[in-house]
Amino acid sequence: MHVARSSAIIREIAATVGKLALAAGVFVAIIAGYFFFISWQHGHSPLPGRIAAGGRCTVWLVGSSSLHRWDSAERDLAGWTVYNRGIEGARLPELALRLGRTGGEPAPAAIVLYAGENDIADGTDPAAVSRGLVGLAKALRARAPDSMLLIVSMKPSPTRWLNRPAQLAVDAAMRRFAASQPRTAFVPAGEQLLVGARPGNFYHEDGIHLVEEGYRRWSRPIATGLRQVHDKDCN
């Protein structure tokens, strides 16, 4: 009798475990499906913030979260109509894909490009990051041939300080590229965030994203670069 009861208990436990495993499997499948859908949706969407107007004194911010989170851009780039098209956590392949799906919009007078920091943090080789940035810059140039393109140097983020040699290698490559292209400039904005050759206290607690003072410093050379477009007409 005890054996029969033990067997029944074991069967009950096994059935319960099976049900829990099935429920866990369904849950994991739902979560995986959700993230797959979000990833697919992002990859098959244009750059955020469809533009209704372009031309004189308009600037696009294209790149990763350092641009996406630049809430003070209108103030920091006073005189310019700013269209923030940055994407949180974006890597170069996503930016290239989404730019390729962006069309039918009036071109801006200028484009500010900041990307590649996340790719380096992922371990992507600096040469590959440089190629990706060059490809993205050329795609932007094809999309807006008469726009001024400003390529912003890498931020010296505290939590990514070990990536600094790779960042500087990409910066050097992009400086050379910009010098070889018409209406293209390399902006060494990252230097504004250094204090005594180390990252200054211009970052949130994550050590990656800028606080307001950081953006204020970062924006100065960007604003200077934008003055090349229409001299002082937009400032």
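Quick note: numbers below take in every heavy atom, side chains included, and nothing from hydrogens, waters or symmetry partners. Given the structure is predicted, the values throughout are model-derived calculations rather than measurements.
- Applying the under-4.5 Å side-chain rule to Ile, Leu, Val, Met, Phe, Trp and Tyr, the cluster around W161 extends to L194.
- Listed for the H68 side chain is a donor-acceptor partner under 3.5 Å among the backbone atoms of G86.
- Checking side-chain atoms of R98 against main-chain N and O of P46 turns up a donor-acceptor pair under 3.5 Å.
- Between the side chain of S64 and the backbone N or O of A115 there is no donor-acceptor pair closer than 3.5 Å.
- Atom CG of L77 is separated from atom CZ of R227 by 10.0 Å, given to the nearest 0.5 angstrom.
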Kindly indicate, with the supporting measurements, whether the criterion side chain to side chain donor-acceptor pair (under 3.5 Å) is fulfilled by T184 and R141. CA-CA 9 Å; T184 304; R141 170 63 65 224; 3.1 Å; yes
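- With D119 contributing its side chain and R91 its backbone, the two residues share no donor-acceptor pair below 3.5 Å.
- The structure places OH of Y114 at 4.5 Å from OG of S66, a figure rounded to the nearest 0.5 Å.
- Rounding to the nearest 0.5 angstrom, the gap separating the CD atom in E88 from the CG atom in N118 is 8.5 Å.
- Atoms CD and CD1, on Q192 and I222 in that order, are 10.0 Å from each other to the nearest 0.5 Å.
- Neither L168 nor L133 shares a network with the other; the hydrophobic side chains, linked directly or stepwise wherever heavy atoms of I, L, V, M, F, W or Y lie under 4.5 Å apart, form separate groups for each.
- The salt bridge (Lys or Arg N to Asp or Glu O under 4.0 Å) contacts involving residues 172-185 comprise nothing, where partners must be two or more places apart or lie in separate chains.
- Judged purely by distance below 3.5 Å, without hydrogens or angles, the side chains of W70 and D76 pair a donor atom with an acceptor atom.
- Atom-to-atom distance recorded for Y215:OH and L67:CG is 7.0 Å, nearest 0.5 angstrom.
- The backbone N or O of A189 sits less than 3.5 Å from a side-chain atom of S153, completing a donor-acceptor pair.
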Applying side chain to side chain contact (heavy atoms under 4.5 Å, CB included) to M148 and L226, what does each step give before you reach the verdict? CA-CA 8 Å; M148 182 69 183; L226 287 173; 6.0 Å; no
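- Cluster membership for V134 and V170, using ILVMFWY side-chain heavy atoms within less than 4.5 angstrom, is shared.
- Formation of a donor-acceptor pair under 3.5 Å by the D122 side chain with backbone atoms of T124 is not found in this model.
- The backbone N or O of L47 sits less than 3.5 Å from a side-chain atom of R85, completing a donor-acceptor pair.
- Salt bridge R220/E191: absent, no basic N to carboxylate O contact under 4.0 Å.
- One finds the CG atom of L95 at 8.0 Å from the CG atom of L113 (value rounded to the nearest 0.5 Å).
- The pair R216-E213 meets the salt-bridge criterion, with a side-chain N (NZ, NE, NH1 or NH2) lying under 4.0 Å from an Asp/Glu carboxylate O.
- Listed by first then second residue, pairs satisfying salt bridge (Lys or Arg N to Asp or Glu O under 4.0 Å) with a partner in residues 143-169 read E117-K155, E117-R160, not counting sequence neighbours.
- Under the 4.5 Å side-chain heavy-atom criterion for Ile, Leu, Val, Met, Phe, Trp and Tyr, I208 and L92 are members of distinct hydrophobic clusters.
- Looking only at distances, a side-chain donor or acceptor of E74 sits under 3.5 Å from a matching main-chain atom of V82.
- For the pair V195 and F202, the minimum side-chain heavy-atom distance is below 4.5 Å.
- For the residue pair S65/H209, the side-chain donor-acceptor check at 3.5 Å is satisfied.
- Taking 4.5 Å as the limit, every side-chain heavy atom of W60 sits out of range of all side-chain heavy atoms of N84.
- Residues L210 and W218 are in side-chain contact: their nearest non-hydrogen atoms beyond the backbone lie under 4.5 Å apart.
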